[in-house]
Enquirer: 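Submitted below is the structure of interest, expressed as structure tokens.
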Amino acid sequence: MTTLEHAVDPDLDEPRPEGVRPFVSVVVPAYNEALILMQSLTSLYAYLQALSDDYEWEVVVVNDGSQDETGAIAEAFAGSRPEVRVLHHAVNFRLGQALRYAFNTCRGDYVVTIDCDLSYAPEHIGLLLERLREDHAKIAVASPYMKGGETTGIPLGRRVLSRGANRFLSVASGGHLSTLTGMVRAYDRPFLSSLSLRSMGTDINTEILYKAQLLNARVVEVPAHLDWSSQEAAPERESKMQIGRSTSAYAFSGFMFRPVAFFIIPGLVILAFALYNLGWLAYNILEEYSTLSGGFEPRMSASFANTFDVRPHAYFVSGFTLVIAVQLLSLGIMASQQKRYFEELFHVSTATYKEQQRARGG
């Protein structure tokens, strides 16, 4: 188990009366999932019924502007099952907006998000909730990339992208977590409601963890099995455009966690290269100067001119790299300042939200 230490302000949590089962909202975003939706919801519903001794529960299906029969199938499934609710988007707003829509309607003490294809089996729900409650955490993440986790049936290209993205984000965020892009998680709902989420796409998953990190919230990981073996005959799950969009989202998320890695570190490397070139130029200029005769100014001018005639590229490379290095370092300083300002504003908005919640409770 990996943790991001320290619990956030406990005032957001209200103790439940003894003997009352916790209420869990399970969110299932769906976009053009007509072929698998009925089977997935049936399996999920059966599993949640087995948890009924420990939890009250609801299933919130978000039909995110599907162009097939996803919405109709979800409504048909929910028609005879009062625990299931269906939300509809008229057009596809992407994952972030679908989750935010569902989060705003969830009634549970805990919120669990799970993929419609059940590539993480429903049994992960119980594991996530158990770890969340045992560790008094705010977020529990299903992690196939931590010790004890595994992946099955994932195409090589997608596996490399996913592992690489999570490794990159883990380093950027401080190395506390091994899986930052996955959606299958359990949340403390009052804490989740305090985060003021903004992302529209898959980057909502890293946005949540970034804001949890700002609040020193406890985040735990549970070893998980990500299994695509039953989908080998299915079409590729993401188009090249979607993969490109995910890649850019991961890059932006890494920048959000640690902007210094994008500007200041490259700036320092380029600055070192520029200074090396300038030092080499200075050595050649002085060496040329020593071979000339006459006054200081004529000799120095001649040594610069002679060196430029022989090595003009050295002047251009040195000047260009020096300018780039200064620009990168300046951007890094500004980005770090902007990050600090954002963190301060985020803490203020979170404190305001908590005060509003206390006032409503009073």
Enquirer: Test Y110 against L128 for side chain to side chain contact (heavy atoms under 4.5 Å, CB included), laying out the working first.
Expert: CA-CA 10 Å; Y110 305 108; L128 289 167; over 6 Å; no
Enquirer: Does E134 have any side-chain hydrogen bond (donor to acceptor under 3.5 Å, both in side chains) partners at least two apart in sequence or in another chain, and if so, which?
Expert: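 By the side-chain hydrogen bond (donor to acceptor under 3.5 Å, both in side chains) rule, E134 matches no residue at all.
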Enquirer: Counting distance only, does the side-chain N/O of R100 pair as donor-acceptor with the main-chain N or O of R198 below 3.5 Å?
Expert: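 Pair found, side chain donor or acceptor close to backbone of R198.
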Enquirer: What distance separates L87 CG from D64 CG, expressed to the nearest 0.5 Å?
Expert: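 Here the rounded value is 10.5 Å.
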Enquirer: With hydrophobic residues grouped by side-chain heavy-atom distances under 4.5 Å, do L281 and V317 end up in a single group?
Expert: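 In one cluster with L281: V317, no.
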Enquirer: For the atom pair CD (Q67) and CG (N32), what is the distance rounded to the nearest 0.5 Å?
Expert: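 Between atom CD of Q67 and atom CG of N32 there are 5.5 Å.
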Enquirer: For I114 versus V184, what's the shortest heavy-atom pair and its separation?
Expert: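 In terms of heavy atoms, the two residues are closest at CA-CG2, 4.1 Å.
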Enquirer: Does T206 use its side chain to pair, donor to acceptor, with the backbone of D203 at less than 3.5 Å?
Expert: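 Yes, because the side chain of T206 sits within donor-acceptor range (under 3.5 Å) of the backbone of D203.
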Enquirer: Does K138 reach the main-chain N or O of F191 with its side chain, forming a donor-acceptor pair under 3.5 Å?
Expert: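 Not at all, since once roles are kept as given, no pair shorter than 3.5 Å links the two residues.
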Enquirer: Would you say the side-chain atoms of D227 pair up with the backbone N or O of S229, donor to acceptor, closer than 3.5 Å?
Expert: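 Side chain of D227 to backbone of S229, a donor-acceptor pair under 3.5 Å: yes, one is there.
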Enquirer: When clusters are formed by joining ILVMFWY residues with side-chain heavy atoms under 4.5 Å apart, either directly or through shared neighbours, do V269 and V326 land in the same one?
Expert: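 Cluster IDs for V269 and V326 differ.
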Enquirer: Report the residues that fulfil side-chain hydrogen bond (donor to acceptor under 3.5 Å, both in side chains) with Y45, sequence neighbours left out, ordered by chain and then residue number.
Expert: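 Applying side-chain hydrogen bond (donor to acceptor under 3.5 Å, both in side chains) to Y45 gives E83.
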Enquirer: With side chain to side chain contact (heavy atoms under 4.5 Å, CB included) as the test, would you mind laying out the steps for L180 and N205 before giving the verdict?
Expert: CA-CA 7 Å; L180 290 88; N205 296 314; over 6 Å; no
Enquirer: Is it possible for you to say whether V28 and M38 belong to one hydrophobic cluster, with membership spreading through side-chain heavy-atom contacts below 4.5 Å?
Expert: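 In one cluster with V28: M38, yes.
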Enquirer: Begin with the C-alpha distance, continue with both residues' side-chain angles, and end with the deciding distance and a verdict on side chain to side chain contact (heavy atoms under 4.5 Å, CB included) for V60 and V111.
Expert: CA-CA 10 Å; V60 182; V111 175; over 6 Å; no
Enquirer: Locate the shortest heavy-atom distance separating Y55 from R133; write the atom from each residue and the value.
Expert: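 Shortest heavy-atom contact: OH-NH1, 3.3 Å.
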Enquirer: Do the side chains of F304 and F296 join up, straight or via other hydrophobic residues, at under 4.5 Å, putting them in one cluster?
Expert: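 F304 clusters together with F296.
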Enquirer: So, using salt bridge (Lys or Arg N to Asp or Glu O under 4.0 Å) as the criterion, who are the partners of R107 when residues are at least two apart?
Expert: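 So R107 forms a salt bridge (Lys or Arg N to Asp or Glu O under 4.0 Å) with E58.
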Enquirer: Hey, could you give me the CD1/CG distance between I208 and L195, rounded to the nearest 0.5 Å?
Expert: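 Rounded to the nearest 0.5 Å, the CD1-CG separation comes to 7.0 Å.
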Enquirer: For the pair R21 (side chain) and S52 (backbone), establish whether a donor and an acceptor sit closer than 3.5 Å, ignoring hydrogens and angles.
Expert: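 Yes: the side chain of R21 pairs with the backbone of S52.
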Enquirer: Minimum heavy-atom separation for D115 to Y120, with atom names?
Expert: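 Minimum heavy-atom contact is OD2-CD1, 3.8 Å.
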Enquirer: When you compare the side chain of S43 with that of L118, does any pair of heavy atoms fall below 4.5 Å?
Expert: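 They are in side-chain contact.
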Enquirer: Quick check: closest heavy atoms across G71 and N63, and the distance to 0.1 Å?
Expert: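 Where G71 meets N63 most closely, the heavy atoms are CA-ND2, 3.5 Å.
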Enquirer: Per the side chain to side chain donor-acceptor pair (under 3.5 Å) rule, what does the pair list look like for residues 287-303, sequence neighbours excluded?
Expert: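 For residues 287-303, and leaving out neighbouring residues, the side chain to side chain donor-acceptor pair (under 3.5 Å) pairs sorted by first residue read E288-N306.
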Enquirer: Would you say Y187 and T113 are linked by a side-chain donor-acceptor pair, where the criterion is simply a distance under 3.5 Å?
Expert: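 No, because no side-chain N or O of T113 sits under 3.5 Å from a partner of the opposite role on Y187.
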Enquirer: Are I285 and L322 connected in a single hydrophobic cluster, I mean Ile/Leu/Val/Met/Phe/Trp/Tyr linked by side-chain heavy atoms less than 4.5 Å apart?
Expert: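 No, L322 and I285 fall in different hydrophobic clusters.
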Enquirer: Hydrophobic side-chain clustering at under 4.5 Å (ILVMFWY, transitive links): who's grouped with L156? Put none if nobody.
Expert: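 Traced through the cluster, L156 reaches V160.
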Enquirer: Between R81 and F77, is NZ or CZ placed under 6.0 angstrom from the six-membered ring centre and within 45° of the ring axis?
Expert: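 The answer is yes, since R81 meets both limits relative to F77.
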Enquirer: Of the non-hydrogen atoms in T70 and D68, which two are nearest, and what is the gap between them?
Expert: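 Closest heavy-atom pair between T70 and D68: OG1-OD1, 2.7 Å.
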Enquirer: Does some side-chain heavy atom of L209 sit less than 4.5 Å from a side-chain heavy atom of R185?
Expert: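 Answer yes - side chains close enough.
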Enquirer: Is there a donor-acceptor pair under 3.5 Å between the side chain of T179 and the backbone N or O of G182?
Expert: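 Absent.
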Enquirer: Starting at OH of Y31, measure out to CG of L95 and round the result to the nearest 0.5 Å.
Expert: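 That separation rounds to 13.0 Å.
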Enquirer: Measure the CD1-CG distance between I139 and L177 for me, rounded to the nearest 0.5 Å.
Expert: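 Going from the CD1 atom of I139 to the CG atom of L177 covers 9.0 Å.
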Enquirer: Got a second to check how far L51's CG is from Y47's OH, nearest 0.5 Å?
Expert: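 Reported to 0.5 Å precision, the distance equals 4.0 Å.
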Enquirer: Looking only at non-hydrogen atoms, find the nearest pair between V61 and A74 and report the distance.
Expert: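 Residues V61 and A74, closest heavy atoms: CG1-CB, 4.1 Å.
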Enquirer: Is the backbone N or O of S194 less than 3.5 Å from a side-chain atom of K211, with the two atoms forming a donor-acceptor pair by type?
Expert: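 Side chain of K211 to backbone of S194: no pair is present.
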Enquirer: Take M146 and V141 through the side chain to side chain contact (heavy atoms under 4.5 Å, CB included) test and state the conclusion after the steps.
Expert: CA-CA 11 Å; M146 69 179 296; V141 179; over 6 Å; no
Enquirer: If only atom types and distance count, is the side chain of N166 paired as donor or acceptor with the main-chain N or O of T181 below 3.5 Å?
Expert: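 Looks like yes, one N/O pair under 3.5 Å.
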Enquirer: Is R189 reaching over with its side chain to a backbone N or O of F23, donor-acceptor style, under 3.5 angstrom?
Expert: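 Between the backbone of F23 and the side chain of R189 there is no qualifying donor-acceptor contact (under 3.5 Å).
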Enquirer: With a 4.5 Å limit on heavy-atom distance, are the side chains of P122 and L48 in contact?
Expert: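 No, too far: nothing below the 4.5 Å cut-off.
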Enquirer: Classify the side-chain pair E221/S178 by whether it contains a donor and acceptor separated by less than 3.5 Å.
Expert: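 A donor-acceptor contact under 3.5 Å links the two side chains.
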Enquirer: Any side chain to side chain donor-acceptor pair (under 3.5 Å) pairs touching residues 307-322, not counting sequence neighbours?
Expert: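 Passing the test, one end in residues 307-322: N284-R311.
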Enquirer: Does S143 reach the main-chain N or O of P223 with its side chain, forming a donor-acceptor pair under 3.5 Å?
Expert: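 Between the backbone of P223 and the side chain of S143 there is no qualifying donor-acceptor contact (under 3.5 Å).
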